[in-house]
Amino acid sequence: MIRILAALLFTLGFSSLAQAEDVQYQLDLDISWSGDTHPHDWPDSGGHMSGLIGATHHGRYVMFADGNTASSGVKSVAERGRQRILRAELDEAIERKRVKDVFQANGIAQVPGRISATFALSETHARVSFITMIAPSPDWFTGLAGVKLRDDNGWRDKATYVLWAWDAGTDRGASYASDNNANQPAESIRLVASPHFLDSSGLKQVGTATFTRID
């Protein structure tokens, strides 16, 4: 009887450890935004995307959301494509156990193009968020926030989402080449609904993001 109980406890312990193992995913951004798809006011120098920064986290962390005010880190990425401040915010969130890991990837020198990155999730930190600057622009970016890749049926093998253009609300510029003109106070984050990303058919997507389980 003792041997049976010991074996059962060992099995349960092993099962618990197996469930706690990280799950690996690959993120692929297919950026379709270009002068052909978004001709309004298209900059002579062309468009590019800054380096991407993302994080895996639980439900109490929010990188950005419609109607929220952008953090200093999101503002820095959206306006300048700089990641240092957001990375510091994420490192603090790691210390508070809200964020599990941070991942980064190179941008696109000339759109259209593709950005790829890999990251790890766990049962306690099963959400992922990321952003990258739409450049040149006053404070426009694209990304996803709070995507949950685990549901009642377990980890999702593959999921694809549409990417939209977001306005960080920190600069009042109205075109790709607008001069720096800070909003004081900052406005809330919202979708870009100017002719740059809107036509008679509605909002025009920037591209797609696909998450694929790779472990």
Undergrad: Compare every heavy atom of Ala168 with every heavy atom of Ile189, then report the nearest pair and how far apart it is.
TA: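 Closest approach of Ile189 to Ala168, heavy atoms only: CG1-O, 3.8 Å.
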Undergrad: What pair of heavy atoms forms the shortest contact from Val162 to Leu144, and how long is it?
TA: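 Heavy-atom minimum between the residues: O-CD2, 4.0 Å.
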Undergrad: Taking the side chain as everything from C-beta on, heavy atoms only, tell me whether Val192 gets closer than 4.5 Å to Trp166.
TA: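 The answer is no, as the side chains (C-beta and beyond) never meet within the 4.5 Å cut-off.
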Undergrad: Kindly say whether the aromatic ring centers of Trp42 and His196 come within a distance under 6.0 Å.
TA: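 Ring centroids of Trp42 and His196 are no less than 6.0 Å from each other.
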Undergrad: Determine yes or no for a side-chain-to-main-chain donor-acceptor pair under 3.5 angstrom, with Ser178 supplying the side chain and Ser175 the backbone.
TA: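 Pair found, side chain donor or acceptor close to backbone of Ser175.
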Undergrad: What closest approach, in Å, do Val74 and Glu89 show between heavy atoms, and which atom pair accounts for it?
TA: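 It is N-OE1, 4.5 Å.
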Undergrad: When you compare the side chain of Arg127 with that of His58, does any pair of heavy atoms fall below 4.5 Å?
TA: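 Sidechains of Arg127 and His58: no contact.
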Undergrad: Answer with yes or no whether the hydrophobic clustering places Leu27 together with Ile53; edges join I, L, V, M, F, W, Y residues whose side-chain heavy atoms lie under 4.5 Å apart.
TA: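 In one cluster with Leu27: Ile53, no.
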Undergrad: Measuring from atom CD of Gln110 to atom CD1 of Ile108, what distance do you get when rounded to the nearest 0.5 angstrom?
TA: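 Going from CD on Gln110 over to CD1 on Ile108, the span is 10.0 Å.
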Undergrad: Counting distance only, does the side-chain N/O of Arg190 pair as donor-acceptor with the main-chain N or O of Ser188 below 3.5 Å?
TA: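 Answer holds: yes.
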Undergrad: Apply side-chain contact (heavy atoms from CB on, under 4.5 Å) to Met133 and Arg82, showing your working.
TA: CA-CA 9 Å; Met133 179 190 181; Arg82 297 173 181 169; over 6 Å; no
Undergrad: Closest heavy-atom contact between Gly207 and Ser32?
TA: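 Taking Gly207 first and Ser32 second, the nearest heavy atoms are CA-OG, 3.6 Å.
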Undergrad: For the rings on Phe197 and Trp164, is their centre-to-centre separation under 6.0 Å?
TA: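 Ring-ring flag for Phe197/Trp164: false, centres at least 6.0 Å apart.
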Undergrad: Are Leu52 and Leu29 side-chain neighbours, meaning at least one heavy-atom pair lies under 4.5 Å?
TA: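 Yes, side chains in contact.
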Undergrad: Check the surroundings of atom CG in Asp66: do more than 12 heavy atoms from other residues, nucleotides or ligands lie under 6.0 Å from it?
TA: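 Yes, CG of Asp66 has more than 12 neighbouring heavy atoms, counting only those of other groups under 6.0 Å.
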Undergrad: Do side-chain atoms of Lys148 reach the backbone of Ala126 as a donor and acceptor pair under 3.5 angstrom?
TA: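 Pair absent, no side-chain N/O of Lys148 close to backbone of Ala126.
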Undergrad: Tell me if the centroids of the rings in His57 and His125 come within less than 6.0 Å of each other.
TA: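 No, they do not, as the ring centres are separated by 6.0 Å or more.
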Undergrad: Count the heavy atoms of every other residue, nucleotide or ligand shown that sit under 6.0 Å from CG of Asp44, and state whether that count exceeds 12.
TA: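 Open: at most 12 neighbouring heavy atoms sit under 6.0 Å from CG of Asp44.
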Undergrad: Donor-acceptor check, side chain of Asp171 to backbone of Asn180, threshold 3.5 angstrom: yes or no?
TA: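 No, because the side chain of Asp171 does not come within donor-acceptor range (under 3.5 Å) of the backbone of Asn180.
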Undergrad: Is there a donor-acceptor contact under 3.5 Å linking the side chains of Asp36 and Ser34?
TA: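 No donor-acceptor contact under 3.5 Å links the two side chains.
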Undergrad: Any ion pair linking Arg172 and Asp139 (charged N to carboxylate O, less than 4.0 Å)?
TA: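 No.
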Undergrad: Please step through side-chain contact (heavy atoms from CB on, under 4.5 Å) for the pair Lys100 and Asp22, ending with a clear verdict.
TA: CA-CA 10 Å; Lys100 174 179 172 59; Asp22 290 349; 3.1 Å; yes
Undergrad: Which heavy atom of Ile134 sits nearest to which heavy atom of Ser137, and what is that distance?
TA: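 Looking at all heavy atoms of both residues, the closest pair is O-OG, 2.6 Å.
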Undergrad: Measure the shortest side-chain to side-chain distance between Arg150 and Leu121 over non-hydrogen atoms and say whether it is less than 4.5 angstrom.
TA: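 Result no, sub-4.5 Å side-chain heavy-atom pair not found.
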Undergrad: Roughly how far, to the nearest 0.5 Å, is OG1 of Thr37 from NZ of Lys204?
TA: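 That separation rounds to 6.0 Å.
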Undergrad: Is Thr56 reaching over with its side chain to a backbone N or O of Ala120, donor-acceptor style, under 3.5 angstrom?
TA: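 Here the side-chain-to-backbone pair exists.
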Undergrad: With distance as the sole criterion, is a donor-acceptor pair present between the side chains of Thr212 and Gln26 under 3.5 Å?
TA: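 Note: Thr212 and Gln26 side chains miss the donor-acceptor criterion.
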Undergrad: Out of curiosity, does Leu163 fall in the hydrophobic cluster containing Phe211 (side-chain heavy atoms, cut-off under 4.5 Å, transitive links)?
TA: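 Yes, because Phe211 and Leu163 connect within a single hydrophobic cluster, where side-chain heavy atoms sit under 4.5 Å apart.
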Undergrad: Test of understanding: clusters of I, L, V, M, F, W, Y form through side-chain heavy atoms closer than 4.5 Å, transitively. Do Ile31 and Phe141 belong to the same one?
TA: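 The answer is no; the residues belong to distinct hydrophobic clusters.
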Undergrad: Any heavy-atom pair between the side chains of Lys97 and Thr124 that's under 4.5 Å?
TA: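 No, their side chains stay 4.5 Å or more apart.
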Undergrad: Side chains of Glu79 and Thr170: is there a donor and an acceptor less than 3.5 Å apart?
TA: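 Yes - a donor-acceptor pair under 3.5 Å links their side chains.
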Undergrad: If two hydrophobic side chains count as joined below 4.5 Å and joins carry through other members, does Val206 share a cluster with Tyr161?
TA: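 Linked, Val206 and Tyr161 end up in one cluster.
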Undergrad: Give, for atom CD of Gln205 and atom OG1 of Thr142, the distance between the pair rounded to the nearest 0.5 Å.
TA: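 It comes to 9.5 Å.
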Undergrad: side-chain contact (heavy atoms from CB on, under 4.5 Å) between Val111 and Met49: does it pass, once the steps are laid out?
TA: CA-CA 7 Å; Val111 294; Met49 310 295 294; 3.8 Å; yes
Undergrad: Transitively linked via ILVMFWY side-chain contacts under 4.5 Å: Ile131 with Val102?
TA: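 Yes, one cluster joins them.
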Undergrad: Under the 3.5 angstrom rule, does the side chain of Asn183 hit a backbone N or O of Pro185 as a donor-acceptor pair?
TA: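 Checking the backbone N and O of Pro185 against the side chain of Asn183, no donor-acceptor pair under 3.5 Å is found.
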Undergrad: Would you say the ring centers of Phe130 and Phe119 fall short of 6.0 Å from each other?
TA: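 Judged by ring-centre distance (under 6.0 Å), Phe130 and Phe119 do not meet the cut-off.
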Undergrad: Measuring from Ile85:CD1 to Leu90:CG, what's the distance to the nearest 0.5 Å?
TA: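 The CD1 atom of Ile85 sits 12.0 Å away from the CG atom of Leu90.
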Undergrad: Please step through side-chain contact (heavy atoms from CB on, under 4.5 Å) for the pair Tyr25 and Val128, ending with a clear verdict.
TA: CA-CA 10 Å; Tyr25 277 86; Val128 59; over 6 Å; no
Undergrad: To the nearest 0.5 angstrom, please state how far the CG atom of Asp28 sits from the OG atom of Ser116.
TA: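 One gets 3.5 Å once the value is rounded to the nearest 0.5 Å.
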Undergrad: Should the heavy atoms of other residues, nucleotides or ligands under 6.0 Å from CG of Asp199 be counted, would the total exceed 12?
TA: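 Atom CG in Asp199 is packed in, count exceeds 12.
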Undergrad: So, for Thr132 and Ser50, which heavy atoms are closest and what is the spacing to 0.1 Å?
TA: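 The pair with the smallest heavy-atom distance is OG1-O, 2.7 Å.
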Undergrad: Could you measure the distance from the CZ atom of Arg213 to the CH2 atom of Trp155? Nearest 0.5 Å is fine.
TA: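 CH2 of Trp155 is found 8.0 Å from CZ of Arg213.
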